[in-house]
Amino acid sequence: MTGSAAFTPQEGGHGRELQWLGTAPCASRLLRRERRAPLALVSHAALCSADDLSDDDPTRTPNPMSVRVRFAPSPTGYLHIGGARTALFNWLYARHTGGTFILRVEDTDAARNSQEAVNVILDGLRWLGMDWDEGPLTADATGPSKGDRGPYFQSQRKENYARRVEALLSRGLAYEKDGAVRFRMTREPVLIRDLVVGDVTRALTDREEADPDFVIMRSDGSPVFHFVNVVDDLEMGITHVIRGEDHLSNTSKHVALFQAFGVEPPKYAHIPLILNADGSKMSKRDDGAALAYYTENGYAPEAVLNYLCLLGWSPKDGREVIPLKQLIADFDLPQILRHNARFDHEKLKWMNGEYLRAMPADRFYELSVHTLARAGVDTNRFPTAYVKAALDTCMGKLRILTELPAYGGFYFTDPVALDAEAKAALTPEARERLKKLRDAYAGLAEFSAANLEAALKETAKSLGVKNGVLVHPARFACTGRPSGPSLYHLMEVLGQDRVLARMDAALAV
RNA sequence: GACCCUAUCGUCCAGCGGUUAGGACACCGCCCUUUCACGGCGGUAACCGGGGUUCGAAUCCCCGUAGGGUCGCCA
């Protein structure tokens, strides 16, 4: 049996785990002191391509005894958020143990297989900052890949499956019926030793009782999922199978198959599922079910990644905003919960805001310009210094980037559209006062926030009104809306010409 | 129908035989403040039900109930 030779021992990773456990508490103490700085590291790390986290890292020296985990998605055209978390747990475990993270594409279903669909997966993983040590380099099934256990597309592994079916057939462990090949499944309950769920004894269901055997190769010669999954895991030397709990019941089949091939099955870790906010199953149509929802709706990948790993897992000390490096150091299988989690969009938004606030300015500019462009706001028409100054007044004020066009879009739109509230606020009396302020501003030699503030307060004083009486009409005139960045700073960025012009426009309405 | 998993504030997590059941998001007050946020302070809010075991149960066991998953020539 070539199977036993191909299979690698599974204990290798544990020495490393102990080391990590030993160093983690110390590191976390350091990090709690300085929350800001480590956060910056996260965004940086998530931004960088795979190489930053992998190839330079001395702990990543290939080790035949180490952990080998895989993410094996089917290219369905979208990357489910639950799938992304499964990938994340595998990736974190690999990085935590110094093991190998493998990406394998289960493209056996030709009907819904396309390069676009594969790209959705590759891009999704890259967006989150997850790099794979072995797997495809492009979406082309026949294209280049890295790793010596390929091909990494199931569509390219047909001979392996045929050979394995033959092996089972020749030993009487499988048989042909109606042109299909069926595996002789044990009738005894199967013990599944799960690292998350514990020991599970899976008995046969009533239907299985009637006929426990199952098809491993269809009459058209194509192998079925349970079979290819096991064969690939075996031949790729997978040591730990970390996957959704929806596969737990089927694991008895996989264990039986491994035994038929004469090898110990890998260690299993079935992780809980992600449900909708109302507890229902998250299906393709639900908002936020696809990773693309987050890439397109103003989320920072580092925040999504952080939030995702807190669904079903948490560090012992209750920290929630956790730098990626710390996540890798702390992550481990035994701490994974056994019950499903509901996805809380509000909390993700909060966390996204935390990351947006703490990230380096350049990173914020990059994300912002991209978001504005998507909203039809072209920042390229403005000097870079102006764009940066404008965005500086917005940084720290948003939870998700998609709030930006409404929040700071006025910097790049002329004339500004006054909303209903703004128009209502510009009463004849308010206009009169605004006119006074406009004239005061027209006479300013240096249009700085400090001068603007002083001039406004002076004007208010001479009018005998509170500052707010002038502040609000001024804000409406300049931005068209009741809320936004700091008024004086926003006006400084806008500059004298724009501010006066906008005040004139508001007075003319 | 059978099999498997699960069950602490509305939500995400702490808890692992003895706690005033803790934190975070959200929510509600107050403070800060030119708006909106941030931040600070305070508050509302939970052990699914019933039996055991034990001096003592959110923690262990059993039964119910509820939710989720699985029983394909889908993946």
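Numbered from 1 within each chain, the chains take letters A, B, ... in sequence-line order.
Using a 90° window around 0 for the glycosidic torsion, B/C31 falls outside it and is classed as anti.
Between A/Tyr268 and A/Arg243, some side-chain heavy-atom pair lies under the 4.5 Å cut-off. Side-chain contact between A/Glu320 and A/Leu310: present, with at least one pair of heavy atoms (C-beta onward) separated by less than 4.5 Å. When side chains are defined from C-beta on, A/Arg70 does not count as touching A/Met236, because their heavy atoms never get closer than 4.5 Å.
Counting non-hydrogen atoms under 4.0 angstrom, A/Gly318 reaches nothing in the nucleic acid. Residue contacts for A/Arg207: at a heavy-atom cut-off of 4.0 Å it reaches a base atom on one of the strands shown. Nucleic acid contact for A/Ser219: base, since at least one base atom lies under 4.0 Å from a heavy atom of the residue. Nucleic acid contact class of A/Ala341 (heavy atoms, under 4.0 Å, all strands): sugar-phosphate only. No contact: A/Asp220 has no heavy atom under 4.0 Å from any strand. Nucleic acid contact for A/Phe214: none, since no nucleic acid atom lies under 4.0 Å from a heavy atom of the residue. Across all strands, A/Leu311 comes closer than 4.0 Å only to sugar-phosphate atoms, never to a base (heavy-atom distances).
Base-pair partner of B/C12: B/G23 (Watson-Crick or G-U wobble, both distances under 3.5 Å). Across the strands present, B/U33 finds no partner; the criterion is a Watson-Crick or G-U wobble pair with both atom distances under 3.5 angstrom. If you check B/C3 for Watson-Crick or wobble pairing at under 3.5 angstrom, you find it paired to B/G69. Across every strand in view, B/G49 sits in a pair with B/C63 that passes the Watson-Crick or G-U test at under 3.5 angstrom. Shown here, B/G18 forms a base pair with B/C55; the pair counts as Watson-Crick or G-U wobble because both key distances fall under 3.5 Å.
For the pair A/His339 and B/C13, the criterion of a side-chain N or O lying under 4.0 Å from OP1 or OP2 is met. Phosphate contact (OP1/OP2 of B/A26, side-chain N/O of A/Arg399, threshold under 4.0 Å): present. A/Arg218 has a side-chain polar atom (N or O) that falls below the 4.0 Å cut-off from OP1 or OP2 of B/A75. A sub-4.0 Å separation between OP1 or OP2 of B/C71 and a side-chain N or O of A/Asn250 is present. Residue A/Lys349 has no polar side-chain atom (N or O) positioned under 4.0 Å from OP1 or OP2 of B/C25. One finds no side-chain N or O of A/Ser486 lying less than 4.0 angstrom from the OP1 or OP2 phosphate oxygen of B/U34.
Distance noted for atom C1' between B/C9 and B/A14: 13 Å (whole Å). For B/G64 and B/C30, the C1' atoms lie 47 Å apart once the distance is rounded to whole Å. On the P atoms, B/C27 is 24 Å away from B/U34, given to the nearest whole Å.
Considering only side-chain atoms of A/Glu320, the nucleotide from B/C12, B/G1, B/A14 that sits closest is B/C12. Candidate nucleotides B/G1, B/U6, B/C12 were compared by shortest atom distance to the side chain of A/Arg342, and B/C12 ranks first. The side chain of A/Thr205 sits closest to B/C71 out of B/C71, B/A24, B/U34. For A/His489, counting side-chain heavy atoms from C-beta on, the closest listed nucleotide (B/C12, B/U34, B/U6) is B/U34. In this structure, of B/G68, B/U35, B/C4, it is B/U35 that holds the atom nearest to the side chain of A/Lys397. Ranking B/A75, B/A14, B/U6 by closeness to the A/Leu337 side chain, first place goes to B/A14. Comparing B/U70, B/A75, B/G10 against the side chain of A/Ser249 picks out B/U70 as the nearest. Between B/A75, B/A26, B/C12, one nucleotide has an atom nearer to the side chain of A/Glu346 than all others, and that is B/A26.
Counting atom types as modelled, A/Asn340 pairs no side-chain N or O with a base atom of B/G68 as donor and acceptor under 3.5 Å. Taking 3.5 Å as the limit, the base of B/C36 and the side chain of A/Tyr407 contain a donor-acceptor pair of atoms between them.
Centroid-to-centroid, the aromatic rings of A/Phe89 and A/Phe331 come within less than 6.0 Å. Aromatic rings from A/His247 and A/His270 are positioned such that their centres are separated by 6.0 Å or more. For A/Phe343 and A/Tyr307, the gap between ring centers is short of 6.0 Å.
Heavy-atom distances to RNA chain B give each of A/His472 and A/Lys347 a nearest nucleotide, and the one nearer the 5′ end belongs to A/Lys347.
When all heavy atoms of A/Ala300 and A/Leu367 are compared, the closest pair comes out as CB-CD1, 4.4 Å.
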